[in-house]
**Student:** 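Supplied in structure tokens, the structure appears directly below.
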Amino acid sequence: MDSLKEDLKKHIIEELNLEDLQVSDIDDDALLFSADGVGLDSIDALELIVLMEKFYGIQVTNPDEGKEAFLTINTMADYIEKKKS
């Protein structure tokens with residue numbers, strides 16, 4: 001699962017054009033949508049939905065499910081693992 005988390009971080013940095021961040025800058029438990037964490041916004045949430053479908057073949061259609069899944073890198077990785085099995 002560590003390689004999945006690293007891939008997620010790479011995809012997030014590339015797809016959301018977060019050029020000032022490195023993979024090592026994103027903690028697995030950092031809140032993605034918090035100023036104290038990664039600092040993503042609502043437009044980034046839409047990009048994450050596209051990212052999930054593009055790279056992992058997973059459609060996020062339930063907003064509540066998406067809110068839970070996109071909390072941290074760990075929750076995203078868990079969500080992907082659950083949906084793939």
**Student:** Under 30°, 30 to 60°, or over 60°: which ring-plane class applies to Phe55 and His11, parallel, tilted or perpendicular?
**Tutor:**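 Parallel, since the angle between the ring planes stays under 30°.
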**Student:** Quick one: do Leu48 and Leu71 end up in the same hydrophobic cluster if we chain Ile, Leu, Val, Met, Phe, Trp and Tyr together by side-chain heavy atoms under 4.5 Å apart?
**Tutor:**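 As far as the 4.5 Å side-chain criterion goes, Leu71 and Leu48 are not connected within one cluster.
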**Student:** Among Leu21, Val38, Leu51, which residue satisfies the side chain to side chain contact (heavy atoms under 4.5 Å, CB included) criterion with Ile12?
**Tutor:**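 Among Leu21, Val38, Leu51, the one that satisfies the side chain to side chain contact (heavy atoms under 4.5 Å, CB included) with Ile12 is Leu51.
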**Student:** Could you tell me which residues satisfy side-chain contact (heavy atoms from CB on, under 4.5 Å) with Lys83, sequence neighbours excluded, listed by chain and number?
**Tutor:**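 For Lys83 the side-chain contact (heavy atoms from CB on, under 4.5 Å) partners, ignoring immediate neighbours, are Ile58, Glu65, Tyr79.
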**Student:** Can you give me the closest heavy-atom contact between Ile13 and Val23, atom names plus distance?
**Tutor:**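 Nearest pair, atom of Ile13 first, then Val23: CD1-N, 3.5 Å.
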**Student:** Applying side chain to side chain contact (heavy atoms under 4.5 Å, CB included), run through Asp25 and Asp20 and close with a yes or a no.
**Tutor:** CA-CA 9 Å; Asp25 294 335; Asp20 54 330; over 6 Å; no
**Student:** In terms of hydrophobic clustering (I, L, V, M, F, W, Y; side-chain heavy atoms under 4.5 Å; direct or indirect links), are Leu18 and Met52 co-clustered?
**Tutor:**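 Cluster IDs for Leu18 and Met52 match.
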**Student:** What pairs of donor and acceptor atoms, side-chain ones from residues 1-9 against any protein atom, are under 3.5 angstrom apart with sequence neighbours left out?
**Tutor:**
{"residue": "Lys5", "atom": "NZ", "partner": "Asn74", "partner atom": "OD1", "Å": "2.7"}
{"residue": "Lys9", "atom": "NZ", "partner": "Ile26", "partner atom": "O", "Å": "2.8"}
{"residue": "Lys9", "atom": "NZ", "partner": "Asp28", "partner atom": "OD1", "Å": "2.7"}

**Student:** Looking at residues at least two apart in the chain, or sitting in another chain, which of them share a salt bridge (charged side-chain N to carboxylate O under 4.0 Å, His left out) with Glu81?
**Tutor:**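 Residues passing salt bridge (charged side-chain N to carboxylate O under 4.0 Å, His left out) with Glu81: none at all.
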**Student:** With no hydrogens and no angle check, is any side-chain donor or acceptor of Thr75 less than 3.5 Å from a backbone partner on Ala69?
**Tutor:**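 Flag set: sc Thr75 to bb Ala69 pair under 3.5 Å.
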**Student:** Which atom names give the shortest non-hydrogen contact between Ala30 and Gly37, and what distance separates them?
**Tutor:**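 Minimum heavy-atom contact is CB-CA, 4.4 Å.
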**Student:** Taking the side chain as every heavy atom from C-beta outward, state whether Ile73 and Leu32 have any pair of such atoms under 4.5 Å apart.
**Tutor:**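 The answer is yes, as the side chains (C-beta and beyond) meet within the 4.5 Å cut-off.
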**Student:** Looking only at heavy atoms, what is the nearest atom pair of Phe70 and Ala45, with distance?
**Tutor:**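 For Phe70 and Ala45, the tightest heavy-atom pair comes out as CE1-O, 4.3 Å.
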